[in-house]
Amino acid sequence: HCAAMGHPIVGDGIYGYDGEGALHGGLTTEEQQAASFPNRASIELQKTVQTTLDHLPLCLHAQQLALFHPVTHSPMLFSA
């Protein structure tokens, strides 16, 4: 999903830039344009980021993560 929106996860060997999976998350050019992701990273930027950080493992960060505790079912919120 991240790759389809133009934000592949750095270090993702499947859907990251030049990964083994479908380019752009499998979306066609027409589907990408129809989806109109305003902050889409250009192919040039994706390539630059990947080649600069290629030596790193999977890099993933979330500003905020919300979930329910699996036992108590209480809401849990984590913020960066």
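For Q64, the side-chain contact (heavy atoms from CB on, under 4.5 Å) partners two or more places apart in sequence, or in a different chain, are L77, S79. Scored by the side-chain contact (heavy atoms from CB on, under 4.5 Å) test, S74 finds T72 as partners (sequence neighbours excluded).
Listed by chain and number, the hydrophobic cluster partners of L67 are L65, M76, F78, where partners are ILVMFWY side chains within reach of under 4.5 Å, directly or through others.
Minimum interatomic distance between T48 and T51 (heavy atoms only, all atoms of both residues): O-OG1, 3.2 Å. Here the closest non-hydrogen pair linking A62 and A80 is O-CB, 3.8 Å.
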